[in-house]
Amino acid sequence: MIVEATAPGKMILFGEHSVVYGAPAIVLAIDRRAKVHSRKRKDNKIFINADDLGFSGYFENDVYHAVRGQAWRGRNLTALNIASKKTMEKLDIKSGLDLKVRSMIPIAAGLGSSAAVCVATVAAVDKLFEGNLKKDQISKLAFEGEKIIHGSPSGVDNNISTFGGVLRFQKKDGIQRFKLKEPIQFIIGHSRRKRSTRKMVENVAHLREKNIEIVDKIIQNMGLVADQGLEALIKHDIHRLGNLMNINQGLLASLGVSTMKLETLIHTARKNGAIGAKLTGAGGGGCIIALAEEKNIPKIEKAIRRRKSDSMWVNLTYKGVEAKWVEEDGDP
Ligand code: PMV
């Protein structure tokens, strides 16, 4: 038997960029998951098979040895090495590990793929040693891995991936969780363009330095949009929600984080019946999200795919991280 842990990705509904300056962000877990298998090893290597992503290798005393793919890829896997080691440290265990990583969440697209993989890794290691860690402990340990990749992340991605559902995050208030009465679904359009969150955050910081009064007002308005958007989400007022998504997109574009390709996808979605559409995450590439009545979703998806982009129909999920024992299906 081996352990299988899965954890969901996320989408930012409102508040990207403005959250950096203290405004609230509204984040939803989506039903696209990362999966990690774990098994004990007799030596002290941490072997990570990420063949789907084009690389695998092992860490021995924190040094990466590539088996497949180039050595610099090890940087991406370092997060998992750290997360799994910190988890074993917490459980007072010393062991080698085989980890196999698979993910249905596109990488570097703003959909929380790295956090989901870190969260699933911690849960897979915890279950392997029957540690029974609490969810907030899993989230914290995954954060240790996330820090390796992102420097100083807000902690939202690991949190939403651990607990699922809807959350509001604001620097001054921390995290609040919400449960909606009705299900809700979105279309995610992936532009297939990678982007760097760090670079986009820096670009906004430069714009703000030169236009402090104007940019701060934009950020303040983004905060209002986010809180009114949360209200609309709770009431399931999808027309109001869609309107606010459109307003948020206009504000994000004014900060310079939208691109021609993202605008094309947003307008394509709206033209084909979306009530609201905006970029999600850092911008500069990555994804858009669109809200539409179910009958219009297939048409919107088709139109997005015609624009050399990928489309996913996603549902809000309350299923956070989960781990269980499964039969071995070949090598983990
Ligand atoms: O694209 P993502 O998921 O990395 O989101 C970035 C969100 C920002 O507000 C732009 C940055 C941040 O740290 O909150």
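Every number for a ligand or one of its atoms is a count from 1 in the order of the listing.
- Near Lys10, the atoms of ligand 1 lying under 4.0 angstrom from a non-hydrogen atom of the residue are 3 (O).
- Counting heavy atoms only, Thr197 comes closest to atom 6 (C) of ligand 1 of the residues Leu279, Val20, Thr197.
- Of the residues listed (Tyr58, Phe59, Phe47, Phe55), the one engaging His65 in a ring-ring contact (aromatic ring centres under 6.0 Å, His included) is Tyr58, and it is the only one.
- Looking at Thr87 and Asp126, their side chains never bring a donor and an acceptor atom within 3.5 Å of each other.
- Evaluation of the side-chain hydrogen bond (donor to acceptor under 3.5 Å, both in side chains) rule for Glu322 yields no partner, not counting sequence neighbours.
- For Lys140, the NZ atom sits in a loose shell: 12 or fewer heavy atoms of surrounding residues, nucleotides or ligands are nearer than 6.0 Å.
- Numbered from 1 in the order shown, with element, the atoms of ligand 1 that lie under 4.0 Å from a heavy atom of Val19 read 9 (O), 14 (O).
- With no hydrogens or angles considered, no side-chain donor-acceptor pair links Asn49 and Asp98 at under 3.5 Å.
- Across the listed options Arg195, His17, Met200, Arg198, Arg195 owns the non-hydrogen atom lying nearest to atom 2 (P) of ligand 1.
- Rounding to the nearest 0.5 Å gives a distance of 7.0 Å between NZ of Lys10 and OG1 of Thr280.
- The Gly110 neighbourhood of ligand 1 comprises atoms 1 (O), 2 (P), 3 (O), with distances under 4.0 Å to a heavy atom of that residue.
- Both the backbone and the side chain of Ala282 come within contact range of ligand 1, each with a heavy atom under 4.0 Å.
- Against a heavy-atom cut-off of under 4.0 Å, Ile12 is close to the following atoms of ligand 1: 5 (O), 7 (C).
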